[in-house]
Amino acid sequence: IADGGSGTGHKDNKTHQGREKADRATRDQVLDQRTEAIIDHMVRKELISELQGVISTGKEANVYAAPLYTYDDEAGTQTGTHYRAAKIYKTSILSFVDRERYITGEHRFRGGGHKGNNRKMVKKWAEKEFRNLQRLNRAGLACPYPIQLKANVLLMEFLGDNEGHAYPRLRDVELEGVDDADIAQQWRSLYIQLLGLVQRLYQVCRLVHADLSEYNILYHERVLYIIDVSQSVGHDHPQTFDFLRMDLHNVGAFFRRKGVDTLRDRTVFEFVTA
Ligand code: ATP
Ligand code: MN
């Protein structure tokens, strides 16, 4: 959306420039005025300098790379770029109604009754993701660090390189190794790593992801990062075990396709919950 990297010099100029680019980004994605105002505020607070290219356009949210440029004010030059990720939940969609079941039955959000009010509903989702990310971080799990939440805009750590390229989803990873046996061994150890993550998620964070798959895991240098935890549920949810079985099933199927001799569902379930 924005070309990025062209920021120069003076503070006012920088803010103005950021604003212009944010305008362009929001216009292209048809974000509503309130969302634009939130982005605008984040630019003014220098949490981000602009919304750059969209990383992902999903049903419920778009994710943008959001660079923060640093400047040498005296020299009037840009000294660096630090990327963040902005997940912007769409405020005008019906699919959130479906998701109500994830919230119903959970203490933290009981009694909300947000049906029929999209904006409030969406805000709850963003809030849920923010809080879940906090829980994951506190438990030391690899995931984006949540930076700020304002209504439907969640600003978080960018999982990617310094040029604004996000780490690949596990789905898209092609492992490199000295030979096939080496690659097979790497897939096997990623499988074990993931089971450990799910166990810690369950036992330390007391959460079940509830949408775990190779699409919601990012990979970089042998580390798996858990993302997309807006629908994750606590132990008090009546369907916790159903969601956990589904998660483990998806994960098992993926690693089997990669040639891993996966453990039996029952064994894995017991490992996670024991
Ligand atoms: P979808 O509906 O497509 O699943 P979503 O609404 O579930 O999207 P996420 O899964 O959280 O949103 O994010 C979508 C994509 O954006 C991810 O697959 C990932 O590629 C990218 N992404 C999300 N968060 C980050 C992050 N913190 N750093 C880098 N990339 C990210
Ligand atoms: Mn996702």
Side-chain angles (χ1 to χ4, degrees), residues 1 4 25 29-31 35 39 42 47-48 50-68 81-100 102-103 118 121-137 141-174 194 197-198 201 207-221 223-233 243 246-247 250-251 254:
I1 295 164
Q29 291 298 323
V30 207
L31 297 184
T35 307
I39 299 301
M42 286 181 173
L47 286 163
I48 59 175
E50 61 173 310
L51 282 191
Q52 220 183 52
V54 67
I55 301 170
S56 156
T57 53
K59 282 195 303 293
E60 287 111 11
N62 289 348
V63 178
Y64 298 85
L68 175 65
T81 304
H82 177 75
Y83 278 92
R84 289 175 166 176
K87 183 167 180 175
I88 304 184
Y89 294 78
K90 297 176 186 182
T91 48
S92 58
I93 33 132
L94 293 170
S95 55
F96 275 98
V97 177
D98 271 4
R99 303 186 119 209
E100 181 85 0
Y102 286 94
I103 284 183
N118 270 333
M121 189 69 197
V122 167
K123 198 176 158 195
K124 281 290 162 200
W125 280 107
E127 193 182 320
K128 205 149 138 46
E129 174 136 45
F130 192 78
R131 290 210 225 164
N132 287 340
L133 283 176
Q134 286 178 324
R135 281 213 216 180
L136 266 65
N137 264 278
L141 285 164
C143 70
Y145 179 82
I147 298 166
Q148 197 173 75
L149 173 74
K150 187 77 183 145
N152 60 320
V153 180
L154 194 169
L155 192 64
M156 61 184 146
E157 179 190 356
F158 178 70
L159 299 177
D161 66 18
N162 295 330
E163 261 93 59
H165 306 114
Y167 295 150
R169 299 176 304 181
L170 187 58
R171 158 80 177 72
D172 302 320
V173 168
E174 296 220 17
L194 189 54
L197 285 177
V198 177
L201 195 60
L207 286 174
V208 167
H209 188 289
D211 192 19
L212 194 65
S213 76
E214 61 275 24
Y215 292 91
N216 283 330
I217 298 167
L218 302 187
Y219 170 87
H220 183 63
E221 292 184 346
V223 176
L224 299 175
Y225 297 83
I226 305 276
I227 62 163
D228 201 2
V229 290
S230 63
Q231 72 295 310
S232 301
V233 298
F243 292 138
M246 185 182 72
D247 282 356
N250 292 340
V251 161
F254 172 76

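Read the numbers this way: they start at 1 and go in the same order the structure lists the ligands and their atoms.
At distances below 3.5 Å, at least one donor-acceptor pair connects side-chain atoms of Asn132 with backbone N or O atoms of Lys128. Looking at Asn216, its side chain never comes within 3.5 Å of a backbone N or O of Leu212 through a donor-acceptor pair. With Glu163 contributing its side chain and Gly160 its backbone, the two residues share no donor-acceptor pair below 3.5 Å. In this structure a side-chain-to-backbone donor-acceptor pair under 3.5 Å is missing from Arg84 to Leu68.
Residue Pro144 approaches ligand 1 through these ligand atoms, each under 4.0 Å from one of its heavy atoms: 27 (N). Numbered from 1 in the order shown, with element, the atoms of ligand 1 that lie under 4.0 Å from a heavy atom of Phe158 read 28 (N), 29 (C). Listed by atom number, the atoms of ligand 1 under 4.0 Å from Ala166 heavy atoms are 29 (C), 30 (N). Close approach of ligand 1 to Lys59 is summarised as follows: ligand atoms under 4.0 Å from at least one heavy atom of the residue are 2 (O). Every atom of ligand 1 with a heavy atom of Ala61 under 4.0 Å away is listed here by number and element: 6 (O). Residue contact check: Tyr215 has heavy atoms under 4.0 Å from atoms 18 (O) of ligand 1. Residue Asn216 approaches ligand 1 through these ligand atoms, each under 4.0 Å from one of its heavy atoms: 10 (O). Of all atoms in ligand 1, numbered sequentially from 1 with element shown, those under 4.0 Å from a heavy atom of Met156 are 24 (N), 27 (N).
Polar contact with ligand 1: absent for Arg169 (N/O pair, distance under 3.5 Å). Taking any N or O of Lys87, backbone or side chain, at least one lies under 3.5 Å from an N or O belonging to ligand 1. Residue contacts with ligand 1: Asp228 is placed with a nitrogen or oxygen under 3.5 Å of a nitrogen or oxygen of the ligand (distance criterion only).
Around the CG atom of Asn162, the shell of radius 6.0 Å holds no more than 12 heavy atoms that belong to other residues, nucleotides or ligands.
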Exercise. Stepwise, does the side chain to side chain donor-acceptor pair (under 3.5 Å) test hold for Thr35 with Asn152?
Worked result: CA-CA 7 Å; Thr35 307; Asn152 60 320; 3.1 Å; yes

For this session: Given side-chain contact (heavy atoms from CB on, under 4.5 Å), test Glu60 with Lys90 step by step and report yes or no.
Result: CA-CA 6 Å; Glu60 287 111 11; Lys90 297 176 186 182; over 6 Å; no

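Put simply, the side chain of Leu154 reaches to within 4.5 Å of the side chain of Leu133, judged on heavy atoms. Counting only heavy atoms from C-beta outward, the side chains of Val208 and Val198 never approach each other to under 4.5 Å.
Ligand 1 has no atom lying under 4.0 Å from any heavy atom of Tyr167.
Residue Ser213 holds its OG atom at 8.5 Å from CG of Asp247, rounded to the nearest 0.5 Å.
Glu221 and Tyr167 form no side-chain donor-acceptor contact under 3.5 Å, judged by distance and modelled atom types alone. Side-chain contact, Arg171 with Tyr215: a donor N or O sits under 3.5 Å from an acceptor N or O.
For atom 28 (N) of ligand 1, the nearest non-hydrogen atom from the set Leu159, Leu218, Leu155, Ile147 belongs to Leu159.
Inside a sphere of radius 2.8 Å centred on the Mn ion (ligand 2), the protein N/O/S atoms present are Asn216 OD1, Asp228 OD2.
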